[in-house]
Protein chains: 2
Amino acid sequence: MPGESHPDHAPLELEHFLPYRLSILSNAVSQAIADDYQRRFDLSMTEWRVMAVLARFDGLSAREVAERTLMDKVAVSRALAKLVESGWVTRATHDGDKRRSVLGLSEAGWAVHEVVAPMARAHERELLARLDEEERVWLLRILDKLQATEPK
Amino acid sequence: MPGESHPDHAPLELEHFLPYRLSILSNAVSQAIADDYQRRFDLSMTEWRVMAVLARFDGLSAREVAERTLMDKVAVSRALAKLVESGWVTRATHDGDKRRSVLGLSEAGWAVHEVVAPMARAHERELLARLDEEERVWLLRILDKLQATEPK
DNA sequence: TGCATATGGTTTCATATGTAACTATAACGC
DNA sequence: GCGTTATAGTTACATATGAAACCATATGCA
């Protein structure tokens, strides 16, 4: 069977086009998780990401949150406004630099985290469960390589 | 070295969390491509996807385009409005069902396609070039498995 | 037929998101 | 110290997106 040729100008077959497939898969997965915590806590994906980062790194500034989540500072600012309003994140002013905020999860915020983090992990486990061990290892290796170059 | 334990309630490490990694990678890749054709043709991602589908399947209705692109009908309707306006897509009314539209690429639309499709393919090639042959094979296999279950 | 319901597609409205402008504070150079 | 420039963060505006209401046509069925 001769190899099929795919001249560059031939119509793209979206369903075999890698960037498209990644996009569909990624959106489906992220959306499924987000639906969960959105329903329970009215929490957007960006808000949850901010909380997840603050759970790990207490006392970050908004800019540092933006760096860690790869979100832009406006998105972070908005997420923080809502999270502080909801009482899940505390915000103080940095001693010695009044521009900077010092952020952290509140008690209530930790309680939310204790519910959402396991949900997120469960989704991830469910995703990985579709693969066998060998595939899981390859997947991580492949992601490492794709991401190593990619941020450009 | 004892295996690290990851209790469910421990803070999520976003950079190791699969859905997050997929999302970052997918967005970076899709955005890089979209930037290209956006600059050259002021074409959004949804609009390009519509064109790609019409290049393969001439005469689809808007609903069928929506099915093939996994976009919702509102997004398709808007993309079509702009594409028809730009003169890249032709729209007629179906004989025997005046609700349905019959869509296709115009000459000008094909010309755009002839430029954009190779650009898209080039990005895909560049992405795959970061992997060796064995990894590429595993990646496709893994994507197949992940997507086989997932649409549910 | 003629009414109820379904379908293709567009419009409306409310919300989300990104870019640029802006405010306040801090750091730098002299 | 004082004007310039940089940085943290917010606000404003313009555009994108999604859900629901809507219009037109088509279908099912009494």
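All values below come from the heavy atoms of this structure, side chains included, with hydrogens, waters and symmetry mates left out. Numbers restart at 1 for each chain; the letters A, B, ... are given by sequence-line order, proteins then strands.
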task = Report which part of the nucleic acid Thr46(A) touches: base, sugar-phosphate, or nothing (heavy-atom distance under 4.0 Å, all strands).
result = nothing
query = When we call it a touch if two heavy atoms are under 4.0 Å apart, what does Ser101(B) touch: a base, just sugar-phosphate, or nothing?
reply = sugar-phosphate
task = Please identify each residue that fulfils side chain to side chain donor-acceptor pair (under 3.5 Å) with Asp42(B), with sequence neighbours left out.
result = none
remark   = Min and max contacting nt of DNA chain C in 5' to 3' order, chain B heavy atoms within under 4.0 angstrom, are dA6(C) to dT12(C)
message = Which is more 5' along DNA chain D, the nucleotide nearest Gly96(B) or the one nearest Ser44(B)? Just name the residue.
response = Ser44(B)
query = For the hydrophobic clusters of this structure (ILVMFWY residues joined by side-chain heavy atoms under 4.5 Å, transitively), does one cluster hold both Phe57(B) and Met51(B)?
reply = yes
key: Interface with DNA chain D, restricted to residues 57-76 of chain A and to heavy atoms under 4.0 Å   = Ser61(A), Ala62(A), Arg63(A), Lys73(A), Val74(A)
remark   = Under a 4.0 Å heavy-atom cutoff, the residues of residues 77-91 of chain B touching DNA chain D are Arg78(B)
What residues form a side chain to side chain contact (heavy atoms under 4.5 Å, CB included) with [X], not counting sequence neighbours?
{"X": "Val137(A)", "answer": "Glu133(A)"}
{"X": "Leu70(B)", "answer": "Tyr20(A), Ile24(A)"}
{"X": "Ala66(B)", "answer": "Val76(B)"}
{"X": "Glu67(A)", "answer": "Arg63(A)"}

Does [Y] offer a backbone N or O that forms a donor-acceptor pair with the side chain of [X] under 3.5 Å?
{"X": "Arg21(B)", "Y": "His16(B)", "answer": "no"}
{"X": "Ser77(A)", "Y": "Lys73(A)", "answer": "no"}
{"X": "Ser106(B)", "Y": "Gly87(B)", "answer": "yes"}

message = Taking salt bridge (charged side-chain N to carboxylate O under 4.0 Å, His left out) as the definition, give me every residue that meets it alongside Arg40(A), ordered by chain and number, with sequence neighbours left out.
response = none
remark   = By salt bridge (charged side-chain N to carboxylate O under 4.0 Å, His left out), Arg141(A) pairs with (sequence neighbours left out) Glu135(B)
key: Distance in angstrom units between Arg100(A) CZ and dA6(D) P, rounded   = 17 Å
task = Using atom CG of Asn27(A) as one end and atom C1' of dG18(D) as the other, report the distance to the nearest whole Å.
result = 14 Å
inquiry  = Is there a side chain to side chain contact (heavy atoms under 4.5 Å, CB included) between Arg125(A) and Arg121(A)? Walk through the geometry before answering.
reply    = CA-CA 6 Å; Arg125(A) 263 197 306 272; Arg121(A) 279 185 214 286; 4.2 Å; yes
task = Kindly state each residue pair satisfying side-chain hydrogen bond (donor to acceptor under 3.5 Å, both in side chains) with at least one member in residues 29-38 of chain A, sequence neighbours excluded.
result = Gln31(A)-Asp35(A), Asp36(A)-Arg39(A), Asp36(A)-His123(A)
request  = Would you work out how much the helix from dT1(C)-dA30(D) to dC30(C)-dG1(D) bends between its ends, with each end axis defined by five base pairs, to 10 degrees?
outcome  = 10°
